[in-house]
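Okay, so here's the structure we're looking at.
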2 protein chains.
Amino acid sequence: MSIEAGGRIGLRQRKKAETRAMLSWAAIRLAVERGLDNVRVEDIAEAAGVSPRTFNNYFSSKGEAIVARHLDRSLRVVTELRRRPASEPLWESIVHAVLVQLDPGPELSGQPMPEHQQWVAGIRLMVAEPAVQGEFLRASALAEAGIATAVAERTGTDVQRDLYPQLVAAAVMAATNVATQHWLRADPPVEMRPLLTEALHQLAAGLPTP
Amino acid sequence: MSIEAGGRIGLRQRKKAETRAMLSWAAIRLAVERGLDNVRVEDIAEAAGVSPRTFNNYFSSKGEAIVARHLDRSLRVVTELRRRPASEPLWESIVHAVLVQLDPGPELSGQPMPEHQQWVAGIRLMVAEPAVQGEFLRASALAEAGIATAVAERTGTDVQRDLYPQLVAAAVMAATNVATQHWLRADPPVEMRPLLTEALHQLAAGLPTP
DNA sequence: CATAATTTTGCGTGAACCGCATATTTGCGT
DNA sequence: ACGCAAATATGCGGTTCACGCAAAATTATG
């Protein structure tokens, strides 16, 4: 076991992230297929090949499991924002960071269509089912806090004292959520990217009366 | 029973609203006093003088009960917004509607200090305890939807098709939440009103880099 | 290879949530 | 004022959760 395979650190960490993803994905898939109430924790655990007790070691509720994937994606915005050069105008960095998140993550490059459809159905579930909605919004709030910190570092403001960084973060999440809602509702379907850019620009422009 | 006391319609509706308020208030008070996990549904029901089963007729979870008061207050913003004259500039109406919500509601004009303190502690609880956070954010989302509809009616836009009304609504809630967070955190304490006005103005102005 | 650290698992407990049937209360017409 | 219909409150029972705890299994380290 001395010769390392791939990961710089721990096979442990990797396995943990894997089962976490497995569980979240299983939760989404099953909930989409048969409806949230017809899925027991036991089912999710079984589908992920793990004991029911272990499920609760990773997530403290079904909702948390379902939202986990969304949370991970939302948090990528923060790391992406930190990656942008400090010389770049702030709002430009934000737009970039948010749009990158639209690209399919490294987890989902294989089967394009069927999995993508289920992911969309999953999002729809998250905003529809009351039991999941709360967790969904909590995930957004967590990402928002991260964005606020990043913005504060970047602009030399103070998250504790100044309104500015949190307002920016809140505005970003607001734009994201509004765009998502419209995208889910649109019939015929529309592209997410222009919707999101439009929403961000409108907020940055200060919402002039149309 | 022919001589009516006060309410135009139904004593039934009144009693219902009363027990609802009783339950919510009891839930907040108990949770603040002994911590959320040390409060059973049974305790809340008893404190409100109803059966445990009845609690679940009103709320489907402890969190929902705790947040109910906050929800009612948030929804008042919508009705207040509708009350403003259509001739008034939109953003001005919004600022008014939001600020009115800061005045103590009709439910809380008696004991000023001790109850107010507990209300503050209640809000702090709502944003701190994970189990309540979700419900808290859901309440905000519900109010946000109401605001969006009102804004759409007012500006002749379409909630389904246009981004504008939802963006405005989301911005309003964003400002409210950010202001609330800072207000809760501020030491020494600060006035809520100027904080909120400032947040709303910054968002309306389009978040220029400071 | 042995030992320590971390993770998984099984079991038991208390509580939550809800469907259903029943009792109680309220509104309304006469 | 009285009785009937509708709405609401209650009691009971069943299912599922969520989690603490201790033992087994897995992984890292020297």
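Since the structure is predicted, the reported quantities are computational estimates derived from the model, not experimental observations. Lettering follows sequence order; numbering is per chain, from 1.
For the residue pair Gln160(B) and His182(A), no side-chain donor N or O sits within less than 3.5 Å of a side-chain acceptor on the partner. Tyr164(B) and Thr155(B) form no side-chain donor-acceptor contact under 3.5 Å, judged by distance and modelled atom types alone. Checking Gln133(A) against Glu129(A) by side-chain atom types alone, no donor-acceptor pair falls below 3.5 Å.
For Thr19(B), whose side chain is taken as the heavy atoms from C-beta onward, the closest listed nucleotide among dA28(D), dT8(C), dA9(D) is dA9(D).
Toward the 5′ end of DNA chain D lies the nearest nucleotide of Asn57(B), the other residue of the pair Asn57(B) and Val39(A) mapping further downstream. Take the nearest nucleotide of DNA chain C for Gly63(B) and for Pro52(A): the residue whose nucleotide is more 5' is Pro52(A).
Remark: Tyr58(B) is in phosphate contact with dA9(D), judged by side-chain N or O atoms under 4.0 Å from OP1 or OP2. Between Lys15(A) and dT7(C), a side-chain N or O to OP1/OP2 separation shorter than 4.0 Å is absent.
As judged by a 4.0 angstrom heavy-atom cut-off over every strand, Arg53(A) is placed among the base-contacting residues.
No hydrogens or angles were tested; on distance alone, nothing pairs the side chain of Arg40(A) with the base of dT16(D) as donor and acceptor under 3.5 Å.
Counting heavy atoms from C-beta outward, Arg154(B) and Arg82(B) have side chains that stay 4.5 Å or more apart.
The nucleotide dT30(C) finds its pairing partner in dA1(D), both defining distances of the Watson-Crick or G-U wobble pair being shorter than 3.5 Å.
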